[in-house]
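Here the structure is a predicted model, which is why all the values come from computation and not from measurement. Positions are given from 1 along the sequence.
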Amino acid sequence: MIIAGAASFTARGAIERVGGVEVLWSQWFFAYLPCDIITILVAWRLTLWLYPPEKSALTREAGYLDNEIRQLGGWNAESTRAALLIAAAIGLWLTDFIHHIPPSTIGLG
């Protein structure tokens, strides 16, 4: 549903070629956001129902994860820069109806 796979690219291309309508990433995102959320929640519940976990809780593994996160340390200049660049890219994708910069150009940037 999100423009990220072959089926979505094919559908978008067909809509633009056959229908003569420009399909922007932000329009596609907002149009299919409710379907995406419902699909994720249903798939999650279905997976838990069909494949229940063998253990109800992770005991030893939780300590391992806490230790690894502690070793990563806090935010530094590089992680802050990366977070800002990702936020800028997402912001540009969500506002492409205003500036009409192609998503591929934003991604390459």
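Ring geometry, Trp25 versus Phe29: the interplanar angle falls under 30°, so the pair is classed parallel (tilted spans 30 to 60°).
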_Evaluation steps, side chain to side chain contact (heavy atoms under 4.5 Å, CB included), between Arg12 and Ile15_ = CA-CA 5 Å; Arg12 180 183 179 202; Ile15 291 169; 5.7 Å; no
*Candidate pair Gln27 and Asp96, rule side chain to side chain contact (heavy atoms under 4.5 Å, CB included), full reasoning*: CA-CA 9 Å; Gln27 291 172 331; Asp96 65 350; 6.0 Å; no
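Hydrophobic clustering places Ile37 together with Leu94 (ILVMFWY residues linked when any side-chain heavy atoms are closer than 4.5 Å, directly or through intermediates). Cluster membership check: Leu85 does not share its hydrophobic cluster with Leu92, using side-chain heavy-atom separations under 4.5 Å among Ile, Leu, Val, Met, Phe, Trp and Tyr. Each of Tyr32 and Ile38 belongs to its own hydrophobic cluster when Ile, Leu, Val, Met, Phe, Trp and Tyr are linked at side-chain heavy-atom distances under 4.5 angstrom.
Judged as a side-chain hydrogen bond (donor to acceptor under 3.5 Å, both in side chains), and not counting sequence neighbours, the contacts of His99 are Thr95.
Atoms OH and CD1, from Tyr64 and Ile69 in turn, are 11.0 Å apart once rounded to the nearest 0.5 Å.
Through side-chain heavy atoms spaced under 4.5 Å, either directly or across other Ile, Leu, Val, Met, Phe, Trp or Tyr residues, Trp49 is tied to Leu46, Leu50, Tyr51.
Around CD of Glu78, the count of heavy atoms belonging to other residues, nucleotides or ligands within 6.0 Å does not exceed 12.
Contact detail for Val21 and Glu16: the closest heavy-atom pair is O-CG, 3.1 Å. Here the shortest heavy-atom pairing between Phe97 and Leu24 reads CA-CD1, 3.4 Å. For the pair Ala11 and Trp28, the tightest heavy-atom approach, listed with the atom from each and the gap, is CB-CH2, 4.0 Å.
Between the Ser79 side chain and the Trp75 main chain, no donor and acceptor come within less than 3.5 Å of each other.
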